[in-house]
Structures are given as structure tokens and as C-alpha cells.
Amino acid sequence: MLINPLKAGTGGADRAHIEAVIYEASKGTRFFEEQKRRHARTADRIARLKAHAARVTRSDLAEAEQTIAHRRAAIEAAVLSDVDADGRPRVMVHCDLDAFYASVHEVDEPQWRTVPMAVGGTGGDGVLTTANYVARRFGIRSAMPTWIARKLCPQLAVLDLDFAKYRVAAAKVRTVFSRYDPRFRSASLDEASLDLTPYLAEHPELTPAQAVEAMRAAIHAETGLTASAGIAANTMLAKIASDANKPNGQLLVPFDRLGILAFVGALPVRKFPGIGAVTDHVLDAFGVLTGADIAAQMPFLWTILTPALRDYLLCVSMGVPSGAALPPAPPGASSTPGGDAATRRSGISSERTFKSTASLAFLQAMLRDQCATLADDLRRSRVFARTLTFKIKKESFAVLTRSRSTNGYVRTAGELYRHVEPMLLAVVREHRPPTQWRLLGVRASGLVGENADGMTAGVRVGVRVGGNDGGNDRDDATRDGRRSDAVRRRGGHP
DNA sequence: ATACATACC
DNA sequence: CACTGGTATGTAT
């Protein structure tokens, strides 16, 4: 009613309109109020950093410059050694499918191609998982609540998720990836990271860009889906580049050092994987907007930021994935904030949002449900847990967690519940007058299991080898009881 | 070890 | 009125 929908999302004025609609819709909601509290906390953090910055001396900066110079030298040395067997630099590719879930539905039912459509988010408090590109022109995004999306676009079609369908499509795409790199890695259904070096060695007639064009064409021919890709000297740069010409495009980042520095130097800091909205805001407060700003202000940033963040910034501002050439030093040393895909699973969790309630009986029943779901997942993953974390969210969206490490290892729903129920009772008791709660969940970590996923040696003690895949979970409690002493001695998993 | 915060899909 | 769920990891205490 406010705007011509044909023009929505196509220009600055429409962007302002979209922001206004979102603001008007969310203003005054509990979610919005919680966002404001979080912004206030970030503002506090910035104020503390500025106070700290005011006390930074010349000699602090000089010392930081020394350290940085050494780190830079070490990083460059490590990067120079990152070549294939023949001494050629590696050609890394990051590829991800455009609006994957939505596109899968469009392939099956082409009528969705021309209308605004999104997937997921059914039910009262749902949020959308993906929107097609028609819907995106209205400002609709993944993670947007359905009711706000409908304010932006009343005619939006919202489809149910169909993971079986997505898995089939993803499997087809993976056969294409595997032709280009049989060892490709996927962090999710819709993306992959490939090392194209061996393929290119076998196809000297192809440039990297031509090979990737062909790979994307094959994906399209075999699935009807479009993909975007980035080509670069390392996975981080390739991932950033894959976003640059989306949808259905690709970008090659130069492979020479100066070209790489020019590319990262021009990037807004928010584009670096690991820098999210909060860190972006913090850096912005210090005038750090781009990769070049990071590099230029490195000595100053070094003196005020935490070790993992400053080391991460140093690496990425050089166009190198974080963690390159870490000093011999500390065992728990840094890696990228926000994580990077290629690590084994360290925890499993289950949580659920519900209509806010203060009823303890309801919360207990919900907790039992989550424990049952988690127990199933643990069993399917053939692991046991040593640490349990209880999570609960107030109606106000404030989140509380309580965690406890057990002796021995647990997996059955009953055992999980026995460990976490006291946390629920304690939290509820601490809140007087009674509080309304909107979500609750359980997370299991400190996992130990069978050999799958590179679990530790505790594995063989913890689970009878080949002996528990019969689906008979009835006696888990007994087996846990027998097992715990032996397992306990093994301790110390990474 | 525990609680909370940030990030990514 | 109304804003997910799963996983990883960093920071502070």
C-alpha cells in the first residue's frame, strides 16, 4: 500500500522504505527491546575500549609494531610454503548454490520462479530459511520472521521445508564437485570448498576461471540449480569471492601478493568471515572500515583487542586465513572467531521455542522432550557426553545457561534429564516473581564415542566395538554404569 | 570448569 | 501481539 511493489528493493529509496517497514513492525516488541539491550552492551564495550585506548603510550605502540613485524614475517613465510607438490600455488574454489532451498522448489515447480517465494517459517513464530530472488527484491531475507516478511510483501508464498528434496539435490551437486576435487569439503548442504590444483594439472588447457565456469555449468545442466563461486589462493579468499557476483556468477582473486593485498584492502571488514555485526560495529567506532584500515591501524588495534581477535585481524588483513604461522606458543591458541567448518563435532544439542509460560510442569515436560531428542541424536552419532548444558530463554529474550560436567558418560534420556532437571529447578527458583519462559534446550559436549569422527582413545573403552548398533538402547543406563570407571581414567580429550 | 557472547548457515 | 535451531569457539571469571 505504501509503495509500488514493482520497484521495491531496486534502489536507495526502496531500501529506506524496507528499513522503515521493518523498524515499524519490530519497534516495541520484546525482541526489539532485547536488541536494544545488546546494542547498549556493545556501546559499553566500545566505551571501555576507548578508555583503554586513551591510556596507550608510544612505547606500547612501538612494542606492538615489533611484535606485528615478526608475526607478519612468519605469516608470509608460511604462505610462501603453501604450494602443491610441484611448487605451484594452490587454486582454491568456494562454491555455493544460490538461494538453495528456494531454488530446489523452483526446479520442481517452475511456477515459483516468477513470484515472491520463501521457504520455512510456517507457524506463528517462524522465521524464513531462504527467499528466492524475486522475494529478495522486496527486502525479504533468511532469518526474517514470516510476519515481517508479509508486511514487506503480502503476496509472499511461503513453502514448507522439504529436507529430503534438498538432500537429493545436494547429492547430485556433490557428484559434480567430486569430479573436480574428490576430496572437496562441505560445511553445509549448499556449499563446498575445493582444491582445484590437481584437476588443473590434468587439464592444462583450462584456466582456473574456465574450469569453474564449466563446473557451474555442469551443476546447472545436471540439477537446474545455479551456483556462484570464488577462485583464490586460499579458502578464505575464495569464500569471500564467491559472494561477490552472486547469483550465478564467479570471481577470481589475483594470486600475487600485491593483488591479494589490494583485494582485501578494499573489502569492508564485515565481509571477512568471522567479523559479524558486533565486531563490525566495534571496529567502526575506531574508524576501521576496510581491510586496509585494519592493516594501517594494526599496532593500535593490537594494544586494545583480545589476542584471538587481533591475531585473526592481522592474518585476514594480509589475505591469509587465520591461524597461519601461529607462534610456537600457547596450546589453546587462537583460531577464527566464529569457527571454521572443517572440525569434528564437539557437541550436540536440542532446543525448542514455545508459547511463553511460567508453568514448571510444562517446562519439565518440555525438558524431558528435549532430553529424549538429544538422547536419540547421541545414540545415532554413537557418542556419549561428559558435559551437559541447560539453556533457557526468558520471554524478554534474555538467555541463561547452566552447565555441569558429570563423572562418567551419559546418553539416555533418563540420565540426561536427571542431570539437567536440577538446573531448570534452580533457575526457575532464582527468578521471583515467577518469570515467563519462551525456550529451553539441552546441549551435550565433551563427547566420547566410537571411532567415527576421530574421537579419542576413550572410545574403545566407552563403547563396545561393533557392539551397539543393534538399535537396542534399553540397557544403556546399565552399560553406562559399568563403563564409567574405565572411561573416567581416560580423561583429557582435546 | 562455568557463564555468556559472537558468528555462521 | 509477532524474531528459529544447530554447531563452534572466544572471553571473562
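All values below come from the heavy atoms of this structure, side chains included, with hydrogens, waters and symmetry mates left out. All chains are named by letter (A, B, ...) in the order of the sequence lines, taking the proteins before the strands, and each is independently numbered beginning at 1.
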- Please determine if A:Asp96 and A:Lys239 form a salt bridge, counting it only when a charged side-chain N lies under 4.0 Å from a carboxylate O. no

- Task: Round to the nearest Å and state the distance from A:Leu49 atom CG to C:dT11 atom C1'.
- Result: 12 Å

- Separation of A:Leu156 atom CG from C:dA2 atom P, in whole Å? 21 Å

- Query: The side chain of A:Lys151 lies closest to which of these nucleotides: C:dT11, B:dC9, C:dA2?
  - Reply: C:dA2

- Message: Any base atoms under 4.0 Å from A:Phe32, or only sugar-phosphate, or nothing? Heavy atoms, all strands.
- Response: nothing

- With a non-hydrogen cut-off below 4.0 angstrom, is A:Arg45 in contact with a base, only sugar-phosphate, or nothing? sugar-phosphate

- Indicate whether any N or O donor in one side chain lies under 3.5 Å from an N or O acceptor in the other, for A:Thr389 and A:Arg402. no

- Message: Please classify the nucleic acid contact of A:Ser350 as base, sugar-phosphate, or nothing, using heavy-atom distances under 4.0 Å.
- Response: sugar-phosphate

- So, is A:Arg443 near the phosphate of C:dA8, with a side-chain N or O under 4.0 Å from OP1 or OP2? yes

- Message: Taking the six-membered ring of A:Phe397 as reference, does the cationic atom of A:Arg30 (NZ for Lys, CZ for Arg) lie under 6.0 Å from its centre and within 45° of its axis?
- Response: no

- Query: Phosphate oxygens OP1/OP2 of C:dT11: is one of them under 4.0 Å from a side-chain N or O of A:Arg310?
  - Reply: no

- Task: Send over the distance from A:Phe397 CZ to C:dC1 P, rounded to a whole Å.
- Result: 12 Å

- Query: Does the side chain of A:Thr29 get closer than 4.0 angstrom to OP1 or OP2 of C:dC1 through an N or O atom?
  - Reply: no

- How close or far is atom C1' of C:dT9 from atom CD1 of A:Ile275, stated in whole angstroms? 16 Å

- Query: A:Asp96 CG to B:dC8 P: how many Å, rounded?
  - Reply: 14 Å

- Between A:Arg150 (CZ) and C:dC3 (C1'), how many Å, whole number? 15 Å

- Which nucleotide in the set C:dG5, C:dA8, C:dG10 lies at the smallest distance from any side-chain heavy atom of A:Arg345? C:dA8

- Query: Hey, does A:Ser346 reach any base, or is it just sugar-phosphate, or nothing, if we go heavy atoms under 4.0 Å?
  - Reply: sugar-phosphate

- Message: Any base atoms under 4.0 Å from A:Leu400, or only sugar-phosphate, or nothing? Heavy atoms, all strands.
- Response: sugar-phosphate

- Query: Checking all strands, does A:Thr279 fall into the base, sugar-phosphate, or nothing category for heavy-atom contacts under 4.0 angstrom?
  - Reply: sugar-phosphate

- Respond yes when some side-chain nitrogen or oxygen of A:Ser26 is under 4.0 Å from OP1 or OP2 of C:dA2, and no when none is. no

- Query: Across the strands shown, which category fits A:Ala143 at heavy-atom distances under 4.0 angstrom: base, sugar-phosphate, nothing?
  - Reply: base

- Options C:dT4, B:dA3, B:dC9, nucleotide nearest the side-chain atoms of A:Glu191: B:dC9

- Roughly how far apart, to the nearest Å, are B:dA7 and C:dT4 at atom C1'? 16 Å

- Tested for salt bridge (charged side-chain N to carboxylate O under 4.0 Å, His left out) against A:Glu34, the lone hit among A:Arg438, A:Lys393, A:Arg41 is A:Arg41

- Does NZ or CZ of A:Arg368 lie under 6.0 Å from the centre of the six-membered ring of A:Tyr417, at an angle within 45° of the ring axis? yes

- Query: Taking the side chain of A:Arg402 as heavy atoms from C-beta outward, which of B:dC9, C:dA12, B:dA3 is closest to it?
  - Reply: B:dA3

- Message: Looking at C:dC3, I'd like to know if its phosphate oxygens (OP1 or OP2) sit under 4.0 Å from a side-chain N or O belonging to A:Arg438.
- Response: yes

- Item | Geometric class of the A:Phe286/A:Phe300 ring pair [parallel <30°, tilted 30-60°, perpendicular >60°] | tilted

- Base, sugar-phosphate, or nothing: which does A:Lys391 touch, judged by heavy atoms less than 4.0 Å apart? nothing

- Message: Return whichever of A:Gln370 or A:Phe31 has its heavy-atom-nearest nucleotide of DNA chain C closer to the 5' end.
- Response: A:Phe31

- Note on the structure: Contacts of A:Thr42 and A:Asp190 projected onto DNA chain B by closest heavy atom; the upstream (5') one is A:Thr42

- Which is true for A:Arg41 with a 4.0 Å heavy-atom rule: it touches a base, it touches only sugar-phosphate, or it touches nothing? sugar-phosphate

- Send over the distance from A:Leu305 CG to C:dG10 P, rounded to a whole Å. 15 Å

- Item | Below 4.0 Å: OP1/OP2 of C:dA2 and any side-chain N or O of A:Arg30 | yes

- Determine: side-chain N/O of A:Thr401 to OP1/OP2 of B:dC4, distance under 4.0 Å, yes or no. yes

- So what does A:Ile148 hit on the nucleic acid, given a heavy-atom distance under 4.0 Å: a base, only sugar-phosphate, or nothing? base

- So, is A:Ser349 near the phosphate of C:dG6, with a side-chain N or O under 4.0 Å from OP1 or OP2? no

- Smallest separation among heavy atoms of A:Ile140 and A:Ala149, with atom names: CD1-O, 3.9 Å

- When rounded to whole Å, the CZ to P distance for the pair A:Arg404 and B:dA1 reads 13 Å

- Heavy-atom neighbours of A:His281 NE2 exceed 12 at 6.0 Å: no

- Report yes if a side-chain nitrogen or oxygen of A:Arg386 is closer than 4.0 Å to either non-bridging phosphate oxygen (OP1 or OP2) of B:dA1; otherwise report no. yes

- Query: Between A:Lys393 and A:Gly347, which has a closest nucleotide on DNA chain C that is more 5'?
  - Reply: A:Lys393

